[in-house]
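Accompanying notes for the structure given below.
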Protein chains: 2
Amino acid sequence: MSAASTPERPAGGRREELLAIAARLFAERGFKNTTVRDIADAAGILSGSLYHHFDSKESMVDELLDTFQRELWKEYDAITGSDLSPRAKLEAVVRASFDAIDHHHSEVAIFQNDASYLIGFERFGYLEERNVRFRRLWTGLLEAGVEAGELRADLDVELVYRFLRDTVWVAVRWYRPGGELSPSQVADQYLTILLEGIAKTDG
Amino acid sequence: MSAASTPERPAGGRREELLAIAARLFAERGFKNTTVRDIADAAGILSGSLYHHFDSKESMVDELLDTFQRELWKEYDAITGSDLSPRAKLEAVVRASFDAIDHHHSEVAIFQNDASYLIGFERFGYLEERNVRFRRLWTGLLEAGVEAGELRADLDVELVYRFLRDTVWVAVRWYRPGGELSPSQVADQYLTILLEGIAKTDG
DNA sequence: GTCTATAGTATGATAGAC
DNA sequence: GTCTATCATACTATAGAC
């Protein structure tokens, strides 16, 4: 989206700094509830100055979501292209997703809270495309897992997919990076529940 | 919240009609993204006329959420007060929740999408209280289930509670009342996944 | 119960000086 | 890269006529 001109420092120049501030505010309050003045205030400048760096408020959230989704899909593609078993791939995708919640918390939160609103604009059509790809990824893995005899055959794949997708991403609402639980620990517990259930089966 | 003056018809008078329209729009677009003009337009009147029925836009969403939560808690209290086993109570609470998604779809959607924003106003402090009650309900049932030997003891109750809570309510994002799946069917599948898992355990 | 008319404010964005 | 100043618009809400 931008040709990194002079990458002198980690997290780049002023533009990336402002983008990070906007990300935090969008994630905390929602896109619509965050004004350009809020962002400027948090950055210690006036709202008009923001427009030296960005075309519009929409451009900011666009860049945030697009960058994040590209990175995430690189990881997903590496997993699906590997030679792991369907069940192992499914576990890897879950773990990669919880890692994303940890490392790109704001972006995930924005996507969770505001995607349904943003998707209404042509500019954000790519979000819909990614949703379709995401659905294919999960249902493909679930079907392959059933076929391989690794997963139960009596469940509605479409429905399991929705539970899976939602449960993974909705964790962004309570997960706090740097808190007590690592993304790996959360993924462990989640995969145990998902795969084995919470009922006591043996004595 | 209001003394039903002349209940002549199902769903009452004009006030309830307008409230239902507002609920639909709030649920579809979000509270902040829905203007009083949108609501008035959908009702075929002008925005100023809405203020004959309601103090403010906030009053509308307040009445919607408060009414809904009162009704929901009546059901929860009946379940917890029953003599069912912990696991059966847990199942009943899950079923009651999916029923709520079916029967009060807009209200659940509004709560899911906008509660975190609304909770910032003192007026909506009761939402925070209900969240606390909700947490106690779930964790209490989970702990009782473990103690009764019905649920696995090796899981983090706090974490299971979050997954449970989120997975149940987030279904409002895809569930459509009157669609192919009944709330009971969704609850069946969900409880199977939650209790038994999706992995194939035996031949 | 709805309309006309409008107040008061907040918002996204722009132009040009520094 | 930021500030000053400001425009145009959209929003919630009100007062009083019908």
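Since the structure is predicted, the reported quantities are computational estimates derived from the model, not experimental observations. Heavy atoms only: backbone and side chains are in, while hydrogens, waters and symmetry mates are out.
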Between [X] and [N], does any side-chain N or O lie under 4.0 Å from OP1 or OP2?
X	N	answer
B:Arg37	D:dA13	no
A:Ser49	D:dG1	no
A:His53	D:dT2	yes
A:His52	D:dT2	no

First of A:Lys32 and A:Gly44 reached from the 5' end of DNA chain D, by closest nucleotide: A:Gly44

Tell me the interatomic distance from [X], atom [atom1], to [N], atom [atom2], rounded to whole angstroms.
X	N	atom1	atom2	result
A:Asp55	C:dA15	CG	P	12 Å
A:Phe121	C:dG12	CZ	C1'	13 Å
B:Met60	D:dT12	CE	P	9 Å
B:Arg15	C:dT2	CZ	C1'	17 Å
A:Tyr51	D:dA8	OH	P	16 Å
A:Lys57	C:dT11	NZ	P	9 Å
A:Leu18	D:dG1	CG	P	9 Å
A:Phe54	C:dT14	CZ	P	15 Å

Are A:Lys74 and A:Glu71 close enough for a salt bridge, meaning some N to O gap below 4.0 Å? no

Look at all strands and tell whether B:Ser59 reaches a base, only sugar-phosphate, or nothing, counting heavy atoms closer than 4.0 Å. nothing

Counting any heavy atom closer than 4.0 Å, what does A:Ile45 reach on the DNA or RNA strands: base, sugar-phosphate only, or nothing? sugar-phosphate

Look at the side chain of A:Ser47 and decide which nucleotide, out of C:dA13, C:dT2, C:dT11, has an atom nearest to it. C:dA13

Mind checking whether [X] and [Y] have parallel, tilted or perpendicular rings, split at 30° and 60°?
X	Y	value
A:Tyr190	A:Phe98	perpendicular
B:Tyr126	B:Phe124	tilted
A:Trp169	A:Phe134	tilted

Pair A:Thr35-A:Asp38, side-chain donor/acceptor within less than 3.5 Å: yes

